[in-house]
Amino acid sequence: MATIGIIGAGKVGTAIARLAIAAGDEVLVVASPGAQYFEQIVALTVPGARAATLGEVADAAELTILAVPFGKVDTVSLNRFNDAIVVDASNHWEPVDGIPAILHGADPGLSSSELVQRLHPGVRLVKSLNHLGYHDMDTDGAPAGAANRRAVAVAGDHAAANSTVAAFLDRIGFDAVDLGALAAGAVLQPGEQIFGRFVQREELAALAAGRELAA
Amino acid sequence: MELGVYSFGSLARDPQSGELVSSAQATRNLLEAIRVADEVGLDYFGIGEHHTPEMPASAAATILAAAASVTENITLASAVTVLSTDDPVRVFQQFATVDALSNGRAEITAGRGSSTDSFPLFGYSLGDYDKLYAEKLDLLLAINANQNVTWSGSTRPALHDAPVVPRPDAGSLPIWLGTGGNPSSSVRAGLLGLPVSYGIIGGAPARFAPLTELYRNTARANGMAEADIKVSVGSPGFIGEDGKTARDDFWPHWHNTMGVIGSQRGFAAPARLSYDRDASGTGALFVGSPEEIAERIVALHGALGHMRHFFQMDFGDMPQAQLLRSIELLGTRVKPLVDEALAEAAGQPTGA
Ligand SMILES: NC(=O)c1ccc[n+]([C@@H]2O[C@H](COP(=O)([O-])OP(=O)(O)OC[C@H]3O[C@@H](n4cnc5c(N)ncnc54)[C@H](OP(=O)(O)O)[C@@H]3O)[C@@H](O)[C@H]2O)c1
């Protein structure tokens with residue numbers, strides 16, 4: 001049984017947390033700075049999980065999901081997460097984020113996750129779980145080997161971290177496809193073919209490689 | 001249970017000419033839709049503030065004021081007002097005016113809204129969203145509580161014992177909090193003592209049950225009276241004579257709108273397969289025959305206990321006649337079925 005940290009108890013954070021609980025993991029959920037009734041939020045939206053501080057998560061978690069709006073990634077303090085595995089589930093989503101501070105003066109050639117990595121250079125960042133809708137997370141998980149199992153990508157600069165996240169994805173119901181370096185995760189962003197699309201392992205790998213699919 | 005409709009004022013395609021109607025005609029079409037909704041006995045019509053060429057209902061209160069004079073019973077509401085980019089004093093004055101003209105039928109739902117076009121339009125920064133929303137909601141509630149308002153904050157000049165008129169005959173306007181499902185919004189509604197309105201546009205609506213419980217628990221802990229603790233739901237929906245025809249008729253319009261939004265936000269338009277899944281059973285799209293939709297509303301009521309359910313029907317250039325027919329079926333066919341089923345359920349011995 002692994003311990004999973006969740007930062008951002010919104011639509012996505014609670015959906016991933018429920019999957020982790022269902023897989024038998026221990027789940028620690030961190031409140032936003034202004035949160036009220038947070039114990040209630042956790043008890044009702046992720047039964048079985050526990051509210052925790054960032055420090056507790058830094059000490060205990062095998063991996064931590066960052067599921068806050070992209071424009072608020074800079075409000076999360078990750079200094080205690082040196083070398084920790086952090087999964088970046090965020091997207092630059094204009095209707096919510098506009099053009100947030102993290103993008104001001106940023107190199108337009110960098111993906112959103114590369115910017116998150118620069119903001120938090122000490123963590124081992126893995127881009128994953130950003131390319132499917134939160135309600136799909138609730139419904140599309142399936143046991144290993146299921147014919148119609150959905151695939152989810154991982155991309156990060158540390159092979160061991162990618163493997164840990166891939167194993168987590170498998171536990172919560174998805175086939176993992178390792179794309180390699182964090183920069184390769186650009187193909188998972190809004191506007192790209194994989195984003196929001198139900199894909200299985202082969203198809204995801206082919207789309208990521210820019211290959212045409214056999215009909 | 002109350003049933004109704006909401007709209008962003010979509011441009012209809014004229015079946016004769018094949019052209020899209022003008023945004024002015026779309027505004028008149030919206031007024032006609034409200035009048036029909038009232039005539040067929042629906043309880044609620046909401047206008048979602050929108051500022052796009054495809055959905056031009058930017059001045060909801062103005063349309064609702066016109067509707068006030070051609071309708072009798074229907075609630076006239078915003079769904080939602082993008083409060084962050086508006087002046088709460090003006091919002092209150094406009095809706096209090098609608099309330100006066102309609103003899104007490106106006107409501108406001110404050111929320112984030114699904115688009116952010118109003119931020120550049122009115123000179124606000126999306127980066128200030130949280131502060132703008134919190135402060136403006138605070139001011140709106142202060143105005144709603146007292147005619148003479150004393151308030152200060154950082155997003156607009158302070159008010160010192162300033163009268164804000166006209167005043168609603170009932171003393172105050174119903175103000176709802178709109179949310180798309182972030183748990184902290186449900187908590188916020190309970191703590192502010194407001195009813196909550198969930199916009200559910202994907203996934204299985206019954207999965208919102210923990211959020212409604214969270215809202216009710218917070219509201220009770222905050223001392224809200226039971227009668228004031230209310231939940232409503234807005235979802236995409238369309239009703240036809242039979243289920244298959246309804247799904248076939250709605251599909252091109254849904255696909256069209258999702259294609260436009262998807263191209264702006266970077267996702268592919270849904271495939272027919274996923275549409276068919278979402279438009280049946282426990283999905284988020286209430287598209288079907290009157291019997292199917294009534295059954296699904298009643299089932300969801302069992303999970304969420306909502307007191308009002310309203311549907312956005314006029315997606316992607318749907319002809320006006322099609323919209324009006326769907327509204328008519330909601331009022332004349334779905335509503336009696338829902339009333340009947342809920343009365344029957346209430347009459348049954350408890351513990352079943
Ligand atoms: N919605 C989707 O289907 C989807 C799918 C994949 C990825 N994503 C991405 O996932 C991220 C979250 O999206 P969402 O839809 O879940 O948004 P959401 O429902 O608004 O949730 C965001 C959560 O983050 C919390 N938060 C903000 N700052 C925080 C901080 N410093 N520490 C801890 N928590 C903090 C917020 O708390 P408060 O409400 O109290 O501020 C809120 O609970 C976004 O980057 C989004 O692009 C979304």
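Letters A, B, ... are given to chains in the order of the sequence lines, protein chains preceding strands, and every chain is numbered from 1.
Heavy-atom distances place the backbone of A/Glu94, and not its side chain, under 4.5 Å from chain B. Within the 4.5 angstrom heavy-atom criterion, no atom of B/Asp117 approaches chain A. Proximity to chain A is absent for every atom of B/Tyr215, based on heavy atoms less than 4.5 angstrom apart. Residue contact with chain B, scored on non-hydrogen atoms closer than 4.5 Å, is absent for A/Phe198. With a threshold of 4.5 angstrom between heavy atoms, B/Arg112 approaches chain A through side-chain atoms but not through N, CA, C or O. For A/Thr14, the part sitting under 4.5 Å from any heavy atom of chain B is the side chain, from C-beta outward, and nothing else. Heavy-atom distances place no part of A/Asn91 under 4.5 Å from chain B, backbone and side chain included. If you measure heavy-atom distances from A/Ala35 to chain B, you find no contacts under 4.5 Å at all.
A 6.0 Å sphere centred on CZ of B/Arg272 holds more than 12 heavy atoms belonging to other residues, nucleotides or ligands. Within a 6.0 Å radius of CD in B/Glu295, other residues, nucleotides and ligands contribute 12 heavy atoms or fewer. The neighbour count for A/Gln200 CD, taken as heavy atoms of other residues, nucleotides or ligands under 6.0 Å away, is above 12.
B/Gln312 places no side-chain N or O within donor-acceptor distance of the main-chain N or O of B/Pro236, the cut-off being under 3.5 Å.
Checked by atom type, the side-chain pair B/Asp276/B/Trp251 shows no donor-acceptor distance below 3.5 Å.
Ring orientation note: the planes of B/Phe286 and B/His309 are nearly perpendicular, at an angle over 60° on the 30°/60° scale. Ring pair B/Phe8/B/His50 is parallel by interplanar angle, where below 30° counts as parallel and above 60° as perpendicular.
Contacts with chain B were tallied for A/Thr139, A/Ile194, A/Val96; A/Val96 has the most, counting heavy-atom pairs under 4.5 Å. Comparing A/Gly133, A/Pro95, A/Ala101 by how many heavy-atom pairs each has under 4.5 Å with chain B, the most go to A/Pro95.
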